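Bear in mind that the values here come from a model prediction, so they are computed numbers and not experimental data. Per chain, numbering begins at 1; letters A, B, ... match sequence-line order. Because only heavy atoms are used, hydrogens play no part in the values below, and waters and symmetry mates are left out as well, while side chains stay in.
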Amino acid sequence: MQLYLSQTLKIHNSLSGKKEIFKPLNEGHIGMYVCGPTVYSNVHLGNCRTFMSFDMIFRYFKHLGYKVRYVRNITDAGHLVDDAEDGEDKIAKKARLEKLEPMEVVQRYTVDFHNILQKFNFLPPSIEPTATGHIIEQIEIIKDILEKGYGYEKNGSVYFDVAKFNETHEYGKLSGRKLEDMIANTRELTAQDEKKNPQDFALWKKAEPQHIMRWPSPWGDGFPGWHLECTAMSTKYLGETFDIHGGGMDLKFPHHECEIAQAEASNGHSPVRYWLHANMLTMNGKKMAKSTGNNILPGEIFTGDNDILSKAFSPSVVRFFMMQAHYTSILDLSDDALLASEKGHHKLMDALNAIDNLETGNTSDFDIANWKRECYSAMNDDFNTPILIAKMFDAVKHINLIKENQQSITKGDKKELQATLNAFVFDVLGLEGKSNSDSDSGKLSGVVELLIQLRKDARDNKDFATSDKIRDQLAALGIQLNDGKDGTTFNVI
RNA sequence: GGCAUCGUGGCCGAGUGGCUAGGCGCAGCUCUGCAAAAGCUUGUACAGCGGUUCGAAUCCGCUCGAUGCCUCCA
């Protein structure tokens, strides 16, 4: 029996604003679409948080036994620098500034994106389509929207007629906005504006003669609008209606609102059953922005090469830090918070490593079945990873007490405990233990063991000056000696 | 200015109309030549002011503050 049959999963649907019981369209199968990055610069750490939240959700679905088709796109064209008439494609702009072919920009930052995600231990999505690979599909949708009367062409560009759409549909239902309010709060159109109303958005933009990124269309050479690609790709791979659409909170308006409008205008019905929005990551209480310097790249955290944090942090520690907050809450990154997470992560991994060597007994002081139920309840309650992690630490406490012979566990319970911990910590949360498998670790441990032996001799002779010298100098190199009852061990920090 | 979300102990963060997560720090203890590391034990907090209620940090109103969107941004 698949696990999902015995679990009731509730998820917060942004469209209704409520937690709803999740039932996929087709039993056992889930279609999930998440708006991917625009590859015009290094991937933003906040962006990573969003993708990490959906990676965790993807992992949990898989853990429950669902067959998931997870589509996460790469935006490699069409995302305008601003929505004004002279709006320039983000990638084209970057290419111009760096004197590169647009596809060089795309390639460079797509590689960076994958590289960082791999470090964070992301599972690859089932399909990772690109906007430029789906121009034909996008043109077809535009034709459809034009035919149904919700769009209009002007000088080789095509716009979505929001006012017309709003007559028979509800534009703004996802973000809680009303068209009238939007009209009252937007600036006047300038004389050369092609749009009928400021709320209208581009489906197709005419390419100026010097523009390199261009494709032929019934309306002349141009490129597709940003909102359209997601509609085209989600429809193509997941169908006109699919289960889950995710993205960052900041995409709710206008991007996701426009997706709903485009799909409803062309198909006549709402595309998504559950909308999920991941919240923002701030740093030291402030929004992360390049302009203010309050910004850090993921790679800079891993190497420690930055002015913001006191040291380097491993991808798994950063992942653990992010998983300690609920995906719908704003999370604040700081040196203190990461330091705290690093210690917690370490404690968790130590306990996981200790399970193998636990001695078993005839009784258990730990109600594994109940604990396991609580783990699932946490995840079933809108993917509450902070509670899940708290449950993991419940287990850690028991493991340590068993290790100290203050509690006992049966053989069967130990096996169950280990399997459950591994499933949640590694498969669902996607954390990774410390990699002690360096190619030279054999040599290193030989050398350190030798020093430990010399130190022991010194201690036995009460030559503490020598023993402390060995300890302190190793510590300075990042090798920590741990004196225990049964001798000394070491850790590489 | 409009829309939205939020304000929890020293810090990070769950939760929720009564039973008060978790991590880190601090403190105590165990261990130790001394430490470190590790482990155990320990914390009645919920922006302010009103209101609803037998009972609110949790619901309602107002005030203050933060963040996001409205304009490129996950």
Can you identify which nucleotide, out of B/rA74, B/rG13, B/rC12, has its nearest atom closest to the A/H44 side chain? B/rA74
Could you label the plane-to-plane angle of the [X] and [Y] rings as parallel, tilted or perpendicular, counting under 30° as parallel and over 60° as perpendicular?
X: A/H345; Y: A/F320; result: perpendicular
X: A/F253; Y: A/Y171; result: perpendicular
X: A/F302; Y: A/F120; result: perpendicular

Closer than 4.0 angstrom, basic N to acidic O: yes or no for [X] and [Y]?
X: A/K456; Y: A/D460; answer: yes
X: A/R177; Y: A/E257; answer: no
X: A/R471; Y: A/D468; answer: yes
X: A/K403; Y: A/D350; answer: no

Does a donor on one side chain sit under 3.5 Å from an acceptor on the other, for A/Y60 and A/N380? yes
Just by distance, with hydrogens left out, do A/Y159 and A/N197 show a side-chain donor and acceptor under 3.5 Å apart? no
Nearest nucleotide by nearest heavy atom, which residue falls closer to the 5' end of RNA chain B, A/L281 or A/S175? A/S175
Of A/I387 and A/T328, whose closest RNA chain B nucleotide lies nearer the 5' terminus? A/T328
Atom [atom1] of [X] to atom [atom2] of [N]: distance rounded to whole Å?
X: A/N47; N: B/rA74; atom1: CG; atom2: C1'; result: 4 Å
X: A/K456; N: B/rU32; atom1: NZ; atom2: P; result: 14 Å
X: A/F320; N: B/rC12; atom1: CZ; atom2: P; result: 17 Å
X: A/K10; N: B/rG15; atom1: NZ; atom2: P; result: 14 Å
X: A/D332; N: B/rC24; atom1: CG; atom2: C1'; result: 15 Å
X: A/H345; N: B/rG22; atom1: NE2; atom2: C1'; result: 16 Å
X: A/M379; N: B/rG22; atom1: CE; atom2: P; result: 19 Å
X: A/K252; N: B/rG2; atom1: NZ; atom2: P; result: 19 Å

Using atom [atom1] of each nucleotide, how far apart are [N] and [M] to the nearest Å?
N: B/rC6; M: B/rA37; atom1: C1'; value: 39 Å
N: B/rA47; M: B/rG10; atom1: P; value: 13 Å
N: B/rG7; M: B/rC12; atom1: P; value: 13 Å
N: B/rA56; M: B/rU8; atom1: C1'; value: 14 Å

Phosphate contact (B/rA14 OP1 or OP2) by A/S329 side-chain N/O below 4.0 Å: yes
Can A/F51 be called stacked on B/rA74 when the rule is centres closer than 5.5 Å and an angle between planes below 30°? no
B/rG33 base to A/D468 side chain: any donor-acceptor pair below 3.5 Å? yes
Quick check on ring pair (Phe, Tyr, Trp, His ring centres under 6.0 Å): which of A/H227, A/H245, A/H277 does A/H255 satisfy it with? A/H227
Describe the nucleic acid contact of A/F393 in one word from base, sugar-phosphate, nothing, applying a heavy-atom distance below 4.0 Å. sugar-phosphate
Answer with base, sugar-phosphate or nothing: what part of the nucleic acid does A/S341 contact at a heavy-atom distance below 4.0 Å? nothing
Want to know the stems of RNA chain B: at least 3 consecutive Watson-Crick or G-U pairs with distances under 3.5 Å, which are they? B:1-7 with B:64-70, B:10-12 with B:22-24, B:27-30 with B:38-41, B:47-51 with B:59-63
Going 5' to 3' through nucleotides 35-45 of chain B and flagging B where a protein heavy-atom sits under 4.0 Å of the base, S where only the sugar-phosphate is that close, and - otherwise, we get BBBSSSS----
Compare all side-chain heavy atoms of A/N295 with those of A/H44 and state whether any distance is below 4.5 angstrom. yes
Polar atom pairs between nucleotides 66-69 of chain B and protein, under 3.5 Å, N or O only, would you list them?
from   : atom 1 : to     : atom 2 : distance (Å)
B/rC69 : O2'    : A/R177 : NH2    : 3.1
B/rC69 : O2'    : A/F253 : O      : 3.4
B/rC69 : O2     : A/R177 : NH2    : 3.3

Distance (rounded to the nearest 0.5 Å) between A/D332 CG and A/L281 CG: 7.5 Å
How about A/F22 and A/Y274: are their ring centres within less than 6.0 Å of each other? yes
